[in-house]
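A note on names: the letters A, B, ... follow the listed sequences, proteins ahead of strands, and every chain is numbered from 1.
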Amino acid sequence: MPRYNPTEIEPKWQIFWDENKTFRAPEFPQGDKLYVLDMFPYPSGDGLHVGHPEGYTATDIVCRFERMRGKSVLHPMGFDAFGLPAEEFAIKTNTPPRESTEKNIATFRRQLKMLGFSYDWDREIATTDVDYFRWTQWIFLVLFDTWFDDAQQKGRPIRDLPIPVDVAQQGNRAVQQYQDEHRLAYQANALVNWCPNLGTVLANEEVIDGRSERGDHPVERIPLKQWMLRITAYGDRLENDLVNLDWSESIKTMQREWIGRSTGAEVDFFVGQQESLDSWEADRLQKGFSRKANDTVLRIYTTRPDTLFGATYMVIAPEHPLVDQLTTADQKHAVEEYRQLAAAKSDRERQEDREKTGVFTGSYAVNPINRTSIPIWISDYVLISYGTGAIMAVPGQDNRDWEFAEVFGLPIIRTVQPPKDFEGQAYTGDGPAMNSDFLDGLGVAEAKAKTIAWLADRGLGQSKVNYKLRDWLFSRQRFWGEPFPILHEVDEQGQPNGVIRAVPESDLPVELPFLEDYKPHGRPEPPLAKADDGWHYPMLDGQRYRRETNTMPQWAGSCWYYLRFIDPKNQTAFVDAEKEQSWMPVDLYVGGAEHAVLHLLYARFWHKVLFDRGYVTTREPFQRLVNQGMILGEMEYSGFKLPDGTWISASNVTKNVDRELVSKDHGQPVKSVALQETQVTKKDEGFVLVDHDHIRVESRAFKMSKSRGNVVNPDDIVRDYGADSLRLYEMFMGPLEATKPWSMSGVDGVKKFLDRVWRIIVDERAETLCLNPSVVDTEPTDVQKRMLHKTIQAVTNDVSKMEFNTAIARMMEFTNFFTKEAQRPKSILKQFVLLLSPYAPHICEELWQLLGHQDTLAYEPWPEFDEAFTREDSVEIPIQINGKLKAKIRVASDLSKDQLEKAAQADEKIGALLAGKEIVKTIVVPGRMVNFVIKP
RNA sequence: GCGAGAGUGGCGGAAUUGGCAGACGCGCUAGAUUUAGGAUCUAGUGGCCUUAGGUCGUGCAGGUUCGAUUCCUGUCUCUCGCACCA
């Protein structure tokens with residue numbers, strides 16, 4: 001079998017690596033450590049997607065490369081197996097989730113092994129392993145046991161939480177309640193995103209445009225008591241610590257925007273009885289700004305306290321607690337109607353409907369800065385979940401307020417002087433203050449500071465930081481997740497009395513109960529509530545409890561898996577402290593950009609809590625992050641036809657509101673027709689039909705999807721081309737971070753490259769596997785040596801920069817060169833096999849063996865290049881006249897400036913062109929080029 | 001609308017302290033070899049002009065420079081993210 005046959009050699013080496021535990025990582029690093037992590041996959045029922053091996057191959061190349069350079073490499077893999085996708089698949093296939101999950105994991109494991117990744121499989125974990133989620137529950141208890149000390153900006157044990165005297169006086173129960181309110185894991189009755197189709201609530205981050213990110217189902221807002229994690233407490237640190245991370249700016253920006261820190265002020269507007277205004281002001285002057293707003297004030301948040309003189313009305317959200325109190329009898333009907341309308345609107349409808357609507361409450365608030373009385377309105381453009389759910393409206397300096405004011409004819413006062421040529425409506429830029437009494441003339445920044453100081457002096461306001469980031473809704477009403485290690489104390493009747501406690505550490509894990517029926521039923525009671533009483537109502541210390549029946553969201557397990565990989569079998573701790581210290585942080589983390597906010601923010605948050613509590617030693621978990629780009633389906637050409645069968649140009653096709661294709665001019669329905677490459681041709685800037693060259697067609701690649709039928713299955717590629725070809729192709733397609741279309745003929749191309757590599761070493765015509773007769777034990781020629789050293793140099797540089805596509809191109813050049821060489825020195829080929837091995841490990845192990853080695857090449861030293869050998873003795877120099885290329889000369893590469901200029905002038909053609917002309921200037925860059933500037 | 005990134009042959013892409021545009025691969029053309037080949041090897045392959053040669057050419061329009069894919073200004077298109085966050 002002298003032909004290159006991946007189906008034979010690939011399994012052979014996979015078994016070899018497995019049996020010899022070639023890629024087992026040491027318990028502790030020896031010498032320099034490198035922790036390289038892939039985002040572990042959700043083992044869905046569809047198996048591996050070609051997108052997975054993209055990032056996985058990239059990290060595998062880095063790992064194999066660094067091992068050969070002597071680093072201790074930790075490169076683990078596992079499965080994120082809890083959560084909706086796994087559970088939905090279980091329901092669809094009517095199997096218990098654990099069973100279907102294990103089956104899916106087996107498929108994924110087989111597929112990953114088939115691709116020859118150098119994982120330490122002894123460290124494999126699944127988030128669904130009881131032995132794993134035991135520690136997920138343990139970390140939850142750490143969160144439960146922690147409060148955030150604002151002064152120290154640090155999470156601390158709950159026992160250290162200072163209890164205010166008035167609370168302490170009310171007894172134990174009150175103290176406990178006070179503590180519960182301050183824990184990082186707490187229960188809250190809040191408006192949540194309830195998705196009836198999925199049968200669970202969702203985090204804000206999981207809702208896109210009012211629909212579930214997974215499955216695209218409608219989401220409603222209903223009030224429910226839910227577990228929340230106080231991620232907002234860490235907002236500043238999550239933002240500030242981004243600075244020192246080697247992440248792309250775009251991901252950092254996305255996180256910053258998601259956190260959405262803004263600075264401004266909280267201001268209280270008096271809404272009590274007019275006659276008590278004086279006494280209220282006197283009280284505030286004496287006692288200062290109150291910790292909580294009572295019902296005599298409307299507390300607002302603004303980022304523009306400088307515009308306070310321009311506040312002409314107030315707006316509160318329809319869900320604001322003071323709505324009833326502020327609504328006068330006259331307005332009651334209208335307000336009630338508006339509230340119901342707003343409540344009935346889904347988030348999606350609210351977002352689509354941007355026309356400002358609202359209702360006057362009938363009452364007025366007093367502007368603290370000038371005692372003006374201004375009307376209070378209700379509108380859904382103010383969100384209850386941000387700030388205080390109430391705003392002061394300053395139409396002169398805010399576009400939204402301007403629009404509202406125009407609709408309802410409310411007054412507009414400019415308090416910032418717009419520039420002379422300003423033609424817009426609200427002016428939001430900088431400028432001198434006007435109509436603002438003691439602020440007049442000040443710039444925005446100064447005016448802000450002065451206003452805040454003025455308010456603070458009188459106890460009417462204070463500076464305040466707000467975040468778009470909301471606390472993390474952490475409970476789900478599904479079966480397939482980690483149970484909460486929480487117990488609710490119950491009374492004689494079995495009803496919870498509001499007292500909660502943690503399951504003792506020694507009683508962990510809390511396992512999932514067996515349930516006959518675990519399917520969601522469209523109501524918010526979790527399925528775990530159907531468990532038998534033995535699970536549901538445990539006794540502890542003589543007290544009867546009801547177990548928490550919510551489960552944790554899918555993100556929980558992935559928040560800390562990188563720590564467990566360091567010490568996956570530890571039975572006494574989530575990770576051994578010493579091991580954690582020697583392997584952390586993750587040096588390189590590669591995964592899809594779809595996790596830019598959710599997973600990466602959540603994991604960072606947990607990590608910081610563990611850091612504060614002394615369980616980990618690094619501030620951040622992932623030092624360097626690289627996002628692989630998406631792989632699209634093959635390029636497709638589409639033409640468009642009207643109902644009567646006539647073609648129309650792609651430029652004349654658009655989508656209507658229902659997302660259907662219609663013609664731009666008459667709105668007729670349009671059908672998209674898939675075209676063959678032979679039916680289209682290039683014309684001007686795009687493609688047209690061959691038969692009708694005035695009809696433009698669309699050419700683009702689409703995201704792979706089952707419905708489009710353009711999904712590429714890695715199993716098929718490995719069967720037809722081999723794993724090495726798949727790996728190589730995915731790296732050769734283009735830059736790792738770019739979005740790029742799949743091309744089957746491209747896979748064919750890299751397969752041919754491997755065929756050539758095989759043939760320069762193996763004798764294809766022999767009966768048995770033996771070296772090609774041209775492979776000889778001779779001293780390489782200078783040219784051959786230069787080829788090798790230049791290749792080593794280029795490949796080494798490229799892999800450090802993770803520019804794998806160009807590294808492969810260089811190795812192709814090497815192969816093309818040696819295909820033509822009649823004598824191929826063995827020493828050179830050995831070095832080349834080592835260079836290629838991180839990319840195509842199976843074929844290289846096979847060739848390495850054939851070249852006379854017994855053991856794996858995985859720990860062979862990485863080839864070194866000698867700068868001296870990479871230099872060419874002669875070089876081709878372009879000669880320009882007035883910047884236009886006129887001739888090329890070949891000269892010694894070390895020619896001096898003067899010599900090069902003389903050589904250029906000596907060239908026959910250049911001499912002729914320069915004859916009789918006046919040379920104004922000559923630019924000579926030794927080793928690069930010569931340019932003569934002459935008078936025309 | 002706001003923010004980020006990207007526009008280079010028929011296609012994927014290469015080239016940056018500014019210095020030969022199109023490396024490498026696909027596709028295509030021709031030749032060799034083969035019973036045959038969708039195998040292999042060799043050569044060619046940006047457009048236009050009639051060849052030698054010339055000329056244009058990195059989304060578009062300008063600018064800086066001896067020289068611009070690279071720097072600057074404006075503009076268009078696409079992709080991604082955010083989207084009433086006061």
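- The partner of B:A36 cannot be assigned: no Watson-Crick or G-U wobble pair with both contacts below 3.5 Å exists in any strand.
- Of the candidates B:A86, B:C82, B:G19, the closest approach to any side-chain atom of A:Trp258 belongs to B:C82.
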Kindly list each side-chain donor-acceptor pair under 3.5 angstrom involving residues 799-808 of chain A, sequence neighbours excluded, with atom names and distances?
| unit_1 | atom_1 | unit_2 | atom_2 | d |
| --- | --- | --- | --- | --- |
| A:Ser800 | OG | A:Thr796 | O | 2.7 |
| A:Thr806 | OG1 | A:Asp798 | OD2 | 3.0 |
| A:Thr806 | OG1 | A:Glu803 | O | 3.1 |

* Evaluation steps, salt bridge (charged side-chain N to carboxylate O under 4.0 Å, His left out), between A:Lys751 and A:Asp748 -> CA-CA 5 Å; A:Lys751 169 68 163 44; A:Asp748 212 44; over 6 Å; no

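- For the P atoms, the distance from B:G62 to B:A68 is 14 Å, rounded to whole Å.
- When Watson-Crick and G-U wobble pairs are counted only if both distances are under 3.5 Å, B:G1 pairs with B:C82.
- Out of B:G19, B:C56, B:G12, the shortest distance to the side chain of A:Pro741 is found at B:G12.
- Taking every side-chain heavy atom of A:Thr819 into account, B:C41 is the closest of B:C20, B:C11, B:C41.
- When distances are taken from the side chain of A:Arg928 to each of B:A15, B:G19, B:A14, the shortest belongs to B:G19.
- Dashed line: the shortest gap from a side-chain N or O of A:Asn805 to OP1 or OP2 of B:A23 is not under 4.0 Å.
- Which of B:G3, B:A23, B:G19 sits closest to the side chain of A:Val925 comes down to B:G19.
- Comparing B:G37 with B:U29, their P atoms are spaced 15 Å from each other, to the whole Å.
- Summarising the geometry, the separation between NZ on A:Lys752 and P on B:G38 is reported as 11 Å, rounded to the nearest angstrom.
- By the 4.5 Å heavy-atom criterion applied to side chains, A:Thr815 and A:Phe832 are counted as neighbours.
- Counting to the nearest Å, the P atom of B:G22 and the CG atom of A:Leu885 are 10 Å from each other.
- Between A:Asn797 atom CG and B:U16 atom P the separation is 12 Å, expressed in whole Å.
- Nucleic acid contact class of A:Thr806 (heavy atoms, under 4.0 Å, all strands): sugar-phosphate only.
- Both distances falling under 3.5 Å, in either a Watson-Crick or a G-U wobble arrangement, place B:U75 opposite B:G59.
- Among B:C66, B:G13, B:C24, the nucleotide with an atom closest to any side-chain atom of A:Val933 is B:C66.
- Among the protein residues, A:Glu764 comes within range of no part of the nucleic acid, since none of its heavy atoms lies under 4.0 Å from any strand.
- Look at CG on A:Asn816: it is 14 Å from C1' on B:U40, rounded to the nearest Å.
- For B:A86, one of the phosphate oxygens OP1 or OP2 lies less than 4.0 angstrom from a side-chain nitrogen or oxygen of A:Tyr386.
- Anti is the glycosidic conformation of B:G25, whose angle departs from 0 by more than 90°.
- Taking 4.0 angstrom as the limit, A:Lys921 places a side-chain polar atom (N or O) nearer than this to OP1 or OP2 of B:C66.
- Taking atom P on both B:A23 and B:G13, the two are 15 Å apart, rounded to the nearest angstrom.
- For A:Arg759 and B:C41, the shortest distance from a side-chain N or O to OP1 or OP2 is below 4.0 Å.
- Looking at which nucleotide of RNA chain B each of A:Glu249 and A:Arg700 is closest to, the 5′-most match is held by A:Glu249.
- The cationic group of A:Arg700 lies under 6.0 Å from the six-membered ring centre of A:Phe702 and within 45° of the ring axis, placing it in a cation-pi geometry.
- Separation of the P atoms belonging to B:G3 and B:A83 is 16 Å when rounded to the nearest angstrom.
- Using atom C1' as the reference point in both B:G12 and B:C28, the two lie 16 Å apart (nearest Å).
- Of the candidate nucleotides B:A23, B:G13, B:C20, B:G13 has the atom nearest to the side chain of A:Lys740.
- Separation of the C1' atoms belonging to B:G54 and B:G59 is 27 Å when rounded to the nearest angstrom.
- Heavy atoms of A:Thr922 sit nowhere under 4.0 angstrom from any nucleic acid atom.
- Using a 4.0 Å heavy-atom distance criterion, A:Met929 is classed as a base contact.
- B:C66 and B:G19 make up a base pair, with Watson-Crick or G-U wobble contacts both under 3.5 Å.
- At the heavy-atom level, A:Arg756 lies under 4.0 Å from the strands shown only through sugar-phosphate atoms.
- Rounded to whole angstrom, the span from the CH2 atom of A:Trp402 across to the C1' atom of B:A86 amounts to 17 Å.
- A donor-acceptor pair shorter than 3.5 Å cannot be found between the side chains of A:Asn466 and A:Ser262.
- Atoms CE (A:Met744) and P (B:C26) sit 16 Å apart, rounded to a whole Å.
- When the side-chain nitrogen and oxygen atoms of A:Lys751 are compared with OP1 and OP2 of B:C26, none of them lie within a distance under 4.0 Å.
- Evaluation of atom-type donor-acceptor distances gives a pair under 3.5 Å for the side chain of A:Lys888 against the base of B:C20.
- Searching all strands for a Watson-Crick or G-U wobble partner of B:A30 with both distances below 3.5 Å returns B:U42.
- Candidate nucleotides B:C66, B:A86, B:G25 were compared by shortest atom distance to the side chain of A:Asp398, and B:A86 ranks first.
- Using a distance-only test at 3.5 Å, with no hydrogens or angles considered, a donor-acceptor pair links the side chain of A:Lys740 to the main chain of A:Pro735.
- Atom name C1', nucleotides B:C24 and B:C72: the rounded distance is 33 Å, in whole Å.
- Salt bridge present: A:Glu636 and A:Arg708 bring a charged side-chain N and a carboxylate O closer than 4.0 Å.
- Side-chain rings of A:Phe404 and A:Tyr313 approach one another, their centers coming within less than 6.0 Å.
- Looking at which nucleotide of RNA chain B each of A:Asp755 and A:Lys468 is closest to, the 5′-most match is held by A:Asp755.
- Taking atom CZ of residue A:Arg3 and atom P of nucleotide B:U40, one finds them 8 Å apart after rounding to whole Å.
- Salt bridge absent: A:Asp755 and A:Lys752 never bring a charged side-chain N and a carboxylate O closer than 4.0 Å.
- An OP1 or OP2 oxygen of B:C82 is reached within less than 4.0 angstrom by no side-chain nitrogen or oxygen of A:Arg256.
- Counting any heavy atom pair closer than 4.0 Å across all strands shown, A:Glu876 reaches a base atom.
- Between A:Glu257 atom CD and B:C80 atom C1' there is a gap of 12 Å when expressed in whole angstrom units.
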* Could you give me the CA-CA distance, side-chain angles and deciding distance for A:Ile231 and A:Leu238, then say whether side chain to side chain contact (heavy atoms under 4.5 Å, CB included) is met? => CA-CA 9 Å; A:Ile231 189 170; A:Leu238 287 169; 3.8 Å; yes

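- A:Asn931 comes within contact range of at least one nucleobase, with a heavy-atom separation under 4.0 Å.
- Comparing B:U70 with B:C60, their P atoms are spaced 11 Å from each other, to the whole Å.
- In this structure, A:Asp401 reaches neither bases nor backbone, as no heavy-atom distance under 4.0 Å exists between it and the strands shown.
- With both pairing distances under 3.5 Å, B:U50 is matched to nothing as a Watson-Crick or G-U wobble pair.
- Contacts of A:Gly260 with the nucleic acid, taken as non-hydrogen atoms under 4.0 Å apart, are absent.
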